[in-house]
J.: 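Input: one structure, supplied below.
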Amino acid sequence: MARWRRQVGTWRDGSRWAMGVSVVSAVVAFFALGRWTPMVGLGLALAAWVASTAVLNLVLRVREHPAPSIWKRLSMQPGSFYGMLLAHFGVAVFIVGVTVVSGFESENDVRMEPGDTATVAGYTFRLESVTQGRGPNYAASRAVVSATRGGQPVATLLPERRMYTVRSMAMTEVGIDRGITRDLYVALGDPVSATAWSVRLHPKPFVNLIWIGCLLMAFGGLMAVLDRRYRRQTIVTLEMPVPPVASGPSTRQVRPALAKKAPAR
């Protein structure tokens, strides 16, 4: 909203509303979220600030446009402007994702045998079985872990622990169940006994907002690059004035003089 080399005149008139929306969002998050910290409130307030200033920028542009109808005003805005708005919304979504994941993610390392259960962030994980198998260049321990919430089945995850035979190097293949509001991660660790394993349970709420925000930023930048104003080539023709040449005998005198000054090739 700040104009280059000009005073920020919209701060006093419009940005106070965006600041108000940000403060209200932080207060609402305090009561709506089950667990709240000052950093979570700050992150959500910053996300609300970015999104509300983008909306305010759109309102000001549409209000100042001379077109008679609002749809005409919206359609006459350049693509780079909408790309800028979309990229800013992507930043807001990215901030929400990072804030919620860092503030509300849960992680628990437990010792589990087949048949054992563990509860993390409202999800109950049950280790069904661990079997041995082989790949093209590794030996693998494959686990089957079921996840339920409130007694209802949610997902079945298949983590693996691979031991590569060439370098004797252990690698973990995480079992992931992706969702709109959360991702569930289960990693199979080292065996702690003949029948027990170390298992890492890791629910991450709204982690996909991080990737969605990045995609929105990238798509907004693409919209700005594809703006026809930046692809239009302006051809400037420079015309140098030619002094008039007198007619008559003087013409015959000027042309030989120019011919004598021309360099020989």
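Treat the numbers as computed from the prediction; the structure is a model and nothing was measured.
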J.: Mind checking what makes side chain to side chain donor-acceptor pair (under 3.5 Å) contact with Thr124, not counting sequence neighbours?
T.: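 Partners of Thr124 under the side chain to side chain donor-acceptor pair (under 3.5 Å) test: Thr119.
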J.: Would you check if Thr181 and Phe206 make a side-chain contact, meaning some heavy-atom pair closer than 4.5 Å?
T.: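 They are in contact (side-chain heavy atoms under 4.5 Å apart), so the answer is yes.
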J.: For residues Val100 and Pro205, report the shortest heavy-atom separation together with the two atoms involved.
T.: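 Taking every non-hydrogen atom into account, CG1-O, 3.9 Å.
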J.: Can you find a pair of side-chain heavy atoms, one from Val186 and one from Pro159, that are under 4.5 Å apart?
T.: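 Yes - at least one pair of side-chain heavy atoms lies under 4.5 Å apart.
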J.: Calculate, to the nearest 0.5 Å, the distance between atoms CZ and CD belonging to Arg73 and Glu64 respectively.
T.: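 That separation rounds to 10.5 Å.
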J.: From Ile210 CD1 over to Ser102 OG, what is the distance, rounded to the nearest 0.5 angstrom?
T.: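 The CD1 atom of Ile210 sits 8.0 Å away from the OG atom of Ser102.
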J.: Search all heavy atoms of Trp197 against all heavy atoms of Gly189 and return the closest pair with its distance.
T.: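 Of all heavy-atom pairs spanning Trp197 and Gly189, the closest is CE3-O, 3.5 Å.
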J.: Tell me, yes or no, whether the heavy-atom count around Met163 atom CE, taken from other residues, nucleotides or ligands under 6.0 Å, exceeds 12.
T.: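 It does: Met163 CE has more than 12 such atoms within range.
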J.: Stepwise, does the side-chain contact (heavy atoms from CB on, under 4.5 Å) test hold for Arg178 with Ile176?
T.: CA-CA 6 Å; Arg178 302 189 183 277; Ile176 304 176; 3.8 Å; yes
J.: Is the shortest side-chain heavy-atom distance between Leu184 and Leu201 below 4.5 Å?
T.: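 Side-chain contact under 4.5 Å: no.
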J.: Of Val207, Asn208, Asp177, which meets side-chain contact (heavy atoms from CB on, under 4.5 Å) against Arg182?
T.: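 Result for side-chain contact (heavy atoms from CB on, under 4.5 Å) with Arg182: Asp177.
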J.: Given side chains that start at C-beta, do those of Leu86 and Phe219 come closer than 4.5 Å, heavy atoms only?
T.: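 Leu86 reaches Phe219 side chain to side chain.
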J.: To the closest 0.5 Å, what do you measure between CG (Leu56) and CH2 (Trp49)?
T.: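 So the CG of Leu56 and the CH2 of Trp49 are separated by 8.5 Å.
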J.: Is a side-chain donor or acceptor of Arg200 paired with a backbone partner of Ala187 at a separation under 3.5 angstrom?
T.: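 Checking the backbone N and O of Ala187 against the side chain of Arg200, no donor-acceptor pair under 3.5 Å is found.
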J.: Between Leu85 and Ile212, is there shared hydrophobic-cluster membership here, with clusters defined by ILVMFWY side-chain heavy atoms closer than 4.5 Å?
T.: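 Yes: a chain of side-chain contacts under 4.5 Å links Leu85 to Ile212.
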J.: For the residue pair Arg111 and Asp116, what are the closest heavy atoms and their distance?
T.: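 Minimum heavy-atom contact is O-OD2, 4.4 Å.
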J.: With a 4.5 Å heavy-atom cut-off, do Arg61 and Arg63 have their side chains touching?
T.: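 Side-chain contact under 4.5 Å: no.
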J.: Apply side-chain contact (heavy atoms from CB on, under 4.5 Å) to Thr172 and Arg162, showing your working.
T.: CA-CA 6 Å; Thr172 299; Arg162 298 176 178 178; over 6 Å; no
J.: Please round to the nearest 0.5 Å and tell me the distance separating atom CD of Glu173 and atom CZ of Arg142.
T.: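 Glu173 atom CD to Arg142 atom CZ measures 10.5 Å (nearest 0.5 Å).
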J.: Below 4.5 Å, heavy atoms only, C-beta onward: do Asp183 and His202 meet side chain to side chain?
T.: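 They are not in contact (no side-chain heavy atoms under 4.5 Å apart), so the answer is no.
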J.: For the hydrophobic clusters of this structure (ILVMFWY residues joined by side-chain heavy atoms under 4.5 Å, transitively), does one cluster hold both Val62 and Met223?
T.: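 Per the 4.5 Å side-chain linkage, Val62 and Met223 are co-clustered.
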J.: Give a yes or no on whether Tyr164 atom OH has more than 12 heavy-atom contacts from other residues, nucleotides or ligands under 6.0 Å away.
T.: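 Atom OH in Tyr164 is crowded, with more than 12 foreign heavy atoms closer than 6.0 Å.
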J.: Linking I/L/V/M/F/W/Y whenever their side-chain heavy atoms sit closer than 4.5 Å, directly or via other members, would Val55 and Leu74 fall into one cluster?
T.: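 Unlinked, Val55 and Leu74 end up in two clusters.
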J.: Check whether Thr148 reaches the backbone of Gly151 with its side chain - one donor and one acceptor, N or O, closer than 3.5 Å.
T.: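 No: the side chain of Thr148 does not pair with the backbone of Gly151.
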J.: Distance check, rounded to the nearest 0.5 Å: Thr117 atom OG1 versus Glu128 atom CD?
T.: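 With rounding to 0.5 Å, OG1 (Thr117) is 10.5 Å from CD (Glu128).
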J.: Mind running side-chain contact (heavy atoms from CB on, under 4.5 Å) on Glu113 and Leu127 for me, showing each step along the way?
T.: CA-CA 7 Å; Glu113 295 184 4; Leu127 181 61; 5.6 Å; no
J.: Met112, Val154: one ILVMFWY side-chain cluster at the under-4.5 Å cut-off?
T.: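 Cluster IDs for Met112 and Val154 match.
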J.: Applying side-chain contact (heavy atoms from CB on, under 4.5 Å) to Glu105 and Glu107, what does each step give before you reach the verdict?
T.: CA-CA 7 Å; Glu105 67 177 345; Glu107 183 177 347; 5.9 Å; no
J.: Heavy atoms only: give me the nearest Ala147-Leu157 pair and the separation to one decimal.
T.: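 Answer, listing the atom of Ala147 first, then Leu157: CB-CD1, 4.1 Å.
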J.: Report the C-alpha separation of Ser141 and Gln132 in whole Å, then their side-chain angles, then the decisive distance to 0.1 Å, and conclude whether the side-chain hydrogen bond (donor to acceptor under 3.5 Å, both in side chains) test is met.
T.: CA-CA 5 Å; Ser141 300; Gln132 304 298 321; 3.0 Å; yes
J.: Do the side chains of Val199 and Phe125 get nearer than 4.5 Å, heavy atoms only?
T.: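 A side-chain contact is absent here, since even the closest heavy-atom pair is not under 4.5 Å.
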J.: Can you get from Tyr185 to Leu188 by hopping between Ile, Leu, Val, Met, Phe, Trp and Tyr side chains that sit under 4.5 Å apart?
T.: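 No, it is not one cluster - the side chains of Tyr185 and Leu188 are not joined through contacts under 4.5 Å.
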J.: Which heavy atom of Ala54 sits nearest to which heavy atom of His88, and what is that distance?
T.: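 Scanning both residues, the minimum pair turns out to be CB-CB, 4.2 Å.
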J.: Mind checking what makes salt bridge (charged side-chain N to carboxylate O under 4.0 Å, His left out) contact with Arg149, not counting sequence neighbours?
T.: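 Salt bridge (charged side-chain N to carboxylate O under 4.0 Å, His left out) list for Arg149, sorted by chain: empty.
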J.: What are the two closest non-hydrogen atoms of Ser106 and Ala121, and how far apart are they?
T.: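 The answer is OG-CB, 3.7 Å.
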J.: Is the count of non-hydrogen atoms from other residues, nucleotides or ligands lying under 6.0 Å from Leu222 atom CG greater than 12?
T.: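 It does: Leu222 CG has more than 12 such atoms within range.
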J.: How long is the gap from CG on Leu216 to CH2 on Trp211, to the nearest 0.5 Å?
T.: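 Nearest 0.5 Å value for the CG-CH2 distance: 14.0 Å.
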